[in-house]
Amino acid sequence: AWHQTGVGARRGGPSSAWDTRRAVKTIPFTKMQGCGNDYVYVDGFQHHVEDPVAMAKAVSDRRFGVGSDGLILILPSDKADVRMRMWNADGSESEMCGNGIRCVAKYAYERGLAPRKPHLTAETGAGVLGLDTGLEDPCAYLPDDPGHADDEIAAVQAALSPYWPL
């Protein structure tokens, strides 16, 4: 929904240079955290974010915004069940975040954005990744390439294990 908001009618009345109007778009979001990383998640199936860099910077501000480590869009994909794009608090785009993708799996599964099955796939900047949506660990990361699974699982466990054993 779009609405108009006034941005500073000052001296000189409505015709002055200070009287401007700008469109403000309201976009629903969810803030989630995985092992200490907190992101703002937007359903890209339903909503379009025109400037994700600016939005990431604005929502991430912990004093004047929502406060987060960044912005994650959950989008449709031609290669996987969902697509994850993420921007850090400084506006830089990142390939992937293990803690962030856990929340993507939970969000997509619970909101019906992906099929209700025990294993989902997510397209990321780092490739297509497997996600386990099992009840015991609803958002665990599973490597896509079984040939390197042990190395990838060990690396992810080392980074995340105190909170989310794999």
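Side chains are part of it too, since the values below use all heavy atoms of this structure and drop only hydrogens, waters and symmetry mates.
- Within a 6.0 Å radius of NZ in Lys79, no more than 12 heavy atoms belonging to other residues, nucleotides or ligands are found.
- The minimum heavy-atom distance linking Gly34 with Cys103 is given by the pair N-SG, 3.9 Å.
- Phe45 and Ile27 end up in different hydrophobic clusters when Ile, Leu, Val, Met, Phe, Trp and Tyr side chains are linked at under 4.5 Å.
- Residues Leu73 and Val59 fall within the same hydrophobic cluster, defined by Ile, Leu, Val, Met, Phe, Trp and Tyr side chains chained together at heavy-atom separations under 4.5 Å.
- Here the closest non-hydrogen pair linking Leu113 and Val82 is O-CG1, 4.1 Å.
- For the residue pair Leu131 and Ala105, the shortest heavy atom distance occurs at CD1-CB, 3.8 Å.
- No chain of hydrophobic side-chain contacts below 4.5 Å, direct or via other Ile, Leu, Val, Met, Phe, Trp or Tyr residues, connects Val104 to Leu75.
- Partners of Glu93 under the salt bridge (Lys or Arg N to Asp or Glu O under 4.0 Å) rule, at least two apart in sequence or in another chain, are Arg85.
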Notebook entry, point to check: Step by step, would you call Val42 with Met55 a side chain to side chain contact (heavy atoms under 4.5 Å, CB included)?
Noted result: CA-CA 11 Å; Val42 174; Met55 185 173 181; 3.9 Å; yes
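- Shortest non-hydrogen contact noted between Ile72 and Met84 is CG2-CG, 3.7 Å.
- Between the side chain of Asn88 and the main chain of Gly70, no donor-acceptor pair closer than 3.5 Å is present.
- No path of Ile, Leu, Val, Met, Phe, Trp and Tyr side chains, each step under 4.5 Å between heavy atoms, connects Val40 with Met96, placing them in separate hydrophobic clusters.
- Just one residue in the list Ser92, Cys97, Pro52 forms a side-chain contact (heavy atoms from CB on, under 4.5 Å) with Met86, and that residue is Cys97.
- Contact check for Phe29 versus Leu71: no side-chain heavy atoms found under the 4.5 Å cut-off.
- For Met32 against Tyr107, the heavy-atom pair with the smallest separation is SD-CD1, 4.0 Å.
- Residues in residues 37-46 take part in these side chain to side chain donor-acceptor pair (under 3.5 Å) pairs, two or more places apart or across chains: Lys31-Asp38, Asn37-Asp69, Asn37-Asn99, Asp38-Arg62.
- Between His119 and Asp81, the closest heavy-atom pair is O-OD2, 4.3 Å.
- Here the straight-line distance linking atom CZ of Arg102 with atom CD of Gln33 works out to 10.5 Å at 0.5 Å rounding.
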